[in-house]
Amino acid sequence: MTEILIRRETERDFREVEELTRKAFWNVYVPGCAEHYLAHILRGHEDFISELDFVAETEEGKVVGNVMYTEARLVDESGRERTILTFGPLSVHPEHQRMGISRRLLEHSFGKAAELGYEAIVIMGNPGNYVSRGFKSCKKYNILSRAVIK
């Protein structure tokens, strides 16, 4: 595998990231996909964290992976709220999957998230994809998801 550079996404990467995200998710969960559109609209959302928007780039300058983060809220039974992170989409171009790129993106971004003072990351996803990265099932901690519409 060629050398991979992890760096912040720039505006000139937007289209390439959206195209690679579409290719990464095409027909994976449903016919077609919407993850590339999610990547497009997330950048303008108030909870999007541009400091945690990273791409994986080859030596040749081709963007082959991306991870994006947004803030989320964790509320306990007494109503205390805590700001946490969630990531996604996490995308790797199909030709570069199973080469450790998503692992590198996650490890890099976890370090940067800690530097920014974030203490927790909660995601929805296939547990088999994330247990090896240290994630645990929310069921063990009685954490449930609930959509809040502003």
Side-chain angles (χ1 to χ4, degrees), residues 1-74 82-139 143-150:
M1 182 174 93
T2 61
E3 201 57 38
I4 296 293
L5 167 73
I6 306 294
R7 63 168 175 79
R8 295 260 311 269
E9 183 187 42
T10 65
E11 191 172 339
R12 68 180 166 79
D13 300 316
F14 288 2
R15 184 175 177 103
E16 193 171 5
V17 163
E18 292 165 23
E19 289 176 4
L20 88 85
T21 300
R22 182 180 47 77
K23 289 175 184 171
F25 285 96
W26 194 255
N27 292 336
V28 172
Y29 300 111
V30 296
C33 70
E35 287 81 359
H36 60 298
Y37 180 64
L38 177 61
H40 177 76
I41 63 171
L42 269 180
R43 295 183 192 102
H45 194 276
E46 65 183 284
D47 291 328
F48 178 69
I49 305 168
S50 61
E51 296 86 358
L52 295 175
D53 179 13
F54 295 103
V55 296
E57 182 180 71
T58 66
E59 290 174 318
E60 297 79 27
K62 181 179 179 184
V63 174
V64 295
N66 171 254
V67 66
M68 297 177 162
Y69 283 80
T70 54
E71 285 188 343
R73 282 110 193 104
L74 191 60
R82 187 172 173 188
T83 300
I84 60 170
L85 292 175
T86 187
F87 68 80
L90 169 61
S91 310
V92 176
H93 191 284
E95 294 174 4
H96 296 271
Q97 291 176 0
R98 304 277 182 237
M99 297 179 172
I101 294 171
S102 62
R103 176 186 52 78
R104 298 245 339 257
L105 281 164
L106 289 178
E107 289 175 358
H108 181 83
S109 61
F110 291 170
K112 295 298 182 184
E115 288 175 16
L116 291 172
Y118 292 99
E119 298 178 50
I121 301 170
V122 176
I123 61 161
M124 296 183 79
N126 180 345
N129 291 336
Y130 301 105
V131 170
S132 65
R133 301 277 56 91
F135 284 88
K136 297 175 177 53
S137 172
C138 285
K139 288 180 184 179
I143 297 174
L144 308 169
S145 66
R146 182 181 73 166
V148 177
I149 300 172
K150 294 180 183 181

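All values below come from the heavy atoms of this structure, side chains included, with hydrogens, waters and symmetry mates left out.
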**Q** Only pairs at least two apart or in different chains count here, so list each salt bridge (charged side-chain N to carboxylate O under 4.0 Å, His left out) that has a residue in residues 22-36.
**A** none
**Q** Below 30° counts as parallel, above 60° as perpendicular, anything between as tilted: where do the rings of F110 and F87 land?
**A** tilted
**Q** About how many Å separate CG of L106 and CD1 of I101, when rounded to the nearest 0.5 Å?
**A** 12.0 Å
**Q** Decide yes or no for M68 and H45: does some side-chain heavy atom of the first lie under 4.5 Å from some side-chain heavy atom of the second?
**A** no
**Q** What are the two closest non-hydrogen atoms of T58 and V64, and how far apart are they?
**A** CG2-CG1, 3.7 Å
**Q** Atom CD of E19 and atom CD of E16: how far apart are they, to the nearest 0.5 Å?
**A** 7.5 Å
**Q** Excluding sequence neighbours, so at least two apart, what forms salt bridge (Lys or Arg N to Asp or Glu O under 4.0 Å) with R7?
**A** D13, E57
**Q** Examine distances only and state if a side-chain atom of T86 and a backbone atom of V122 form a donor-acceptor pair shorter than 3.5 Å.
**A** yes
**Q** Looking at CD of E115 and OG of S109, how far apart are the two atoms once the value is rounded to the nearest 0.5 Å?
**A** 11.5 Å
**Q** Over all heavy atoms of both residues, which pair between L52 and A113 is shortest? Give the atoms and the distance, please.
**A** CD2-N, 3.7 Å
**Q** Strictly distance-based, threshold 3.5 Å: is any side-chain N or O of N66 a donor or acceptor partner for the main-chain N or O of F54?
**A** yes
**Q** To the nearest 0.5 angstrom, please state how far the CD1 atom of I84 sits from the CD atom of E71.
**A** 10.0 Å
**Q** What distance do D53 atom CG and K112 atom NZ have between them, rounded to the nearest 0.5 Å?
**A** 14.0 Å
**Q** Checking side-chain contact (heavy atoms from CB on, under 4.5 Å) between V17 and each of E9, H40, H36, which is the one that passes?
**A** E9
**Q** Measure across H93 and L20 and return the closest heavy-atom pair with its distance rounded to 0.1 Å.
**A** N-CD1, 3.8 Å
**Q** Minimum heavy-atom separation for V55 to R8, with atom names?
**A** CG2-O, 4.2 Å
**Q** So does F14 have more than 12 non-hydrogen atoms from other groups sitting under 6.0 Å from CZ?
**A** yes
**Q** Kindly give the heavy-atom pair with the smallest separation between L105 and S91, and that separation in Å.
**A** CD1-O, 4.4 Å
**Q** Is any side-chain heavy atom of P89 closer than 4.5 Å to one of L42?
**A** yes
**Q** So, does R43 use its side chain to make a donor-acceptor pair with the main chain of F48 at under 3.5 Å?
**A** no
**Q** So how far is it from E60 CD to E3 CD, rounded to the nearest 0.5 Å?
**A** 11.0 Å
**Q** Where do A24 and V28 come nearest, in terms of heavy atoms and distance?
**A** O-CG2, 3.5 Å
**Q** Please answer whether the main-chain N or O of I4 pairs with a side-chain N or O of R104 as donor and acceptor at a distance below 3.5 Å.
**A** yes
